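A short worksheet on the structure shown next.
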Amino acid sequence: MEIKQKELNEVLAAFALAGEPVSCTRYGSGHINDTFCVACRTEDGEQKYILQRMNHEVFKDIAGLMKNITGVTRFLRERIAENGGDPDRETLNTVPTKDGQDYYASAEGNFWRVYLFIEGASCYDAVKDPKDFYQSGRAFGHFQQLLADYPAKELTETIPHFHDTPFRLAAFRKAIEEDICGRAASVQAEIQFILDREADMHAAMDMLAAGELPLRVTHNDTKLNNIMNDNETGEALCIIDLDTIMPGLSIFDFGDSIRFGANMAAEDEPDYTKAKLSLPLFDIYAKGFLEGCAGRLTETEKKMLPMGAKLMTLECGMRFLTDYLQGDVYFHTSREGHNLDRCRTQLGLVADMEKHWGEMEGIIEKY
Ligand code: ADP
Ligand code: GN1
Ligand code: MG
């Protein structure tokens with residue numbers, strides 16, 4: 001979304017920043033919010049912040065969303081301090097407005113928040129070193145365990161039915177029927193690939209309904225660029241993008257990381273034939289995640305981890321195609337056919353997982 005300097009000036013003036021803002025530039029590669037890095041000049045140097053316009057088309061209840069984030073980050077700060085960590089770097093920290101609010105509503109009708117910028121750390125858009133992916137698995141597993149004691153009833157469901165795959169399928173069918181951009185005819189193969197897997201789509205939700213999989217407090221968007229690694233130690237430092245923390249399934253947090261990080265193709269690689277599962281990366285992430293969960297997953301959850309990976313990939317491919325059919329209104333895109341390319345890398349990965357299913361199950365059994 002285009003944002004005018006006038007609005008940025010108004011917003012920057014509203015927050016209790018240390019010093020005078022000297023720059024404010026677009027930042028990161030998220031698909032949902034508009035993110036800026038702000039540098040302020042202070043008496044003893046510089047202080048940086050992350051400024052975000054929250055996407056209120058996607059998140060309808062901004063007050064509920066911010067209440068989740070302040071509640072969860074306060075809880076995490078306490079746990080991190082108890083463990084002798086650094087709460088300013090190991091979790092997100094919101095910066096209030098000058099009148100003490102957690103977010104600011106601009107005259108343009110947008111909703112803004114500010115976080116302390118986490119210095120000396122980076123987000124990766126691809127796995128460079130398998131050790132980082134192991135770190136990421138451990139950190140997301142551990143994160144889920146830290147939140148095990150969080151009072152789930154205090155959480156707002158920021159996007160209802162977020163990983164309810166059958167619900168997503170219904171939205172997909174509607175988009176095909178409506179076909180508002182006249183694109184359905186040109187993507188028949190992709191549509192058929194998805195519809196052929198309807199039976200799988202019910203697997204996890206049916207087990208949840210039957211009480212075979214427990215509902216936990218989960219992150220729900222565990223892709224690699226939602227975790228920051230310390231530049232010096234290389235260790236996972238801080239889990240970010242807390243907008244979708246909600247009750248969910250552990251296998252989905254596992255699965256979404258695999259979907260993004262263990263695909264040999266980038267999520268939006270135009271040559272989708274490159275989309276393949278890296279079994280070594282699947283293996284190393286599984287090791288990290290299970291260690292991070294510290295033995296707390298049930299036998300059924302462990303058994304369903306490969307299915308979590310397949311479901312998250314299939315669901316995400318279906319969501320990208322839904323958005324393509326609807327005219328690219330949900331995910332940020334920067335080129336024609338961007339969502340279609342993304343859909344194809346997901347479906348390519350699903351097909352490859354099906355070929356290597358026995359090996360995926362073998363890896364989980366090994367641990
Ligand atoms: P989106 O929901 O759009 O994905 P994110 O909250 O993930 O937005 O932020 C987008 C990017 O901004 C991240 O991938 C990361 O690179 C960067 N980022 C977010 N929060 C911080 C922070 N506190 N410190 C440093 N970088 C951050
Ligand atoms: C979005 O916000 P970001 O870029 O981390 C999306 C995820 C998708 C992901 C695909 C709130 O994540 O569900 O899996 O894109 N977030 C939301 O890359 O829809
Ligand atoms: Mg993100």
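None of the values given here were measured: they were computed from a predicted structure. Read the numbers this way: they start at 1 and go in the same order the structure lists the ligands and their atoms.
Panel note: side chain T322, backbone M318; a donor-acceptor pair is recorded below 3.5 Å. Side-chain atoms of H142 never come within 3.5 Å of backbone atoms of R138 as a donor-acceptor pair (strictly under, hydrogens ignored). N93 places a side-chain N or O within donor-acceptor distance of the main-chain N or O of T91, the cut-off being under 3.5 Å.
The minimum distance between the Mg ion (ligand 3) and any N, O or S atom of D241 involves atom OD2.
Interface atoms of ligand 2 facing Y330, defined by a heavy-atom separation under 4.0 Å, are 11 (C), 17 (C), 19 (O). Close contacts of ligand 2 with D241, meaning ligand atoms under 4.0 Å from a residue heavy atom, involve 2 (O), 3 (P), 5 (O). Within ligand 2, the atoms closer than 4.0 Å to a non-hydrogen atom of F59 are 11 (C), numbered from 1 in the order shown. Close approach to I32 involves these atoms of ligand 2, each under 4.0 Å from a residue heavy atom: 1 (C), 2 (O), 11 (C), 16 (N), 17 (C), 19 (O). Close approach to F320 involves these atoms of ligand 2, each under 4.0 Å from a residue heavy atom: 10 (C). Annotation for ligand 2: atoms under 4.0 Å from non-hydrogen atoms of G30 are 4 (O).
Checking D221 against the Mg ion (ligand 3), every N/O/S atom stays at or beyond the 2.8 Å cut-off. For residue N226, an N/O/S atom approaches the Mg ion (ligand 3) to within less than 2.8 Å.
In the candidate list H163, E267, R342, E267 is nearest to atom 10 (C) of ligand 2, counting heavy atoms. Within the set H31, E315, R319, the minimum heavy-atom distance to atom 8 (C) of ligand 2 is found for R319. If you check each of M312, K223, Q346 against atom 9 (C) of ligand 2, the one with the closest non-hydrogen atom is K223.
Considering CE of M307 and CE of M360, their distance stands at 9.5 Å, rounded to 0.5 Å. Rounding to the nearest 0.5 angstrom, the gap separating the CD atom in Q101 from the OG1 atom in T94 is 11.5 Å.
The existence of a salt bridge linking R79 and D149 is excluded, since no basic side-chain nitrogen approaches an acidic carboxylate oxygen closer than 4.0 Å.
Outside the 6.0 Å centre-distance limit, the rings of F111 and Y104 are not counted as a close aromatic pair. A centroid separation of less than 6.0 Å is found between the aromatic rings of F254 and Y285. If you look at Y27 and F36, their ring centroids are not closer than 6.0 Å.
Residue contacts with ligand 2 for N226 involve side-chain atoms from C-beta outward but no N, CA, C or O (heavy atoms, distance under 4.0 Å).
Checking only distances, D221 does come within under 3.5 Å of ligand 2, N or O to N or O.
Cation-pi contact between R183 and Y324: present, with separation from the ring centre below 6.0 Å and deviation from the ring axis of at most 45°.
The shortest contact between atom 14 (O) of ligand 2 and any protein heavy atom is with R259 NH2, 3.5 Å.
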Give me the pairs of N or O atoms, one from ligand 1 and one from the protein, that sit under 3.5 Å apart.
from     : atom 1 : to   : atom 2 : distance (Å)
ligand 1 : 2 (O)  : N33  : ND2    : 3.0
ligand 1 : 2 (O)  : D241 : OD1    : 3.3
ligand 1 : 2 (O)  : D241 : OD2    : 3.0
ligand 1 : 3 (O)  : I32  : N      : 3.3
ligand 1 : 3 (O)  : N33  : N      : 2.9
ligand 1 : 4 (O)  : D241 : OD2    : 3.0
ligand 1 : 6 (O)  : Q52  : NE2    : 2.9
ligand 1 : 7 (O)  : N226 : OD1    : 3.1
ligand 1 : 7 (O)  : D241 : OD2    : 3.0
ligand 1 : 8 (O)  : Q52  : NE2    : 3.3
ligand 1 : 9 (O)  : Q52  : NE2    : 3.2
ligand 1 : 14 (O) : N225 : O      : 3.0
ligand 1 : 23 (N) : L116 : O      : 3.0
ligand 1 : 24 (N) : I118 : N      : 2.9

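At a 4.0 Å cut-off, not a single heavy atom of F260 sits close enough to ligand 2 to count as contact.
Following chains of ILVMFWY side-chain contacts shorter than 4.5 Å, one cannot reach M353 starting from Y272, and the two form parts of different hydrophobic clusters.
The only option from I191, I176, N339 that meets the side chain to side chain contact (heavy atoms under 4.5 Å, CB included) definition with L321 turns out to be I191.
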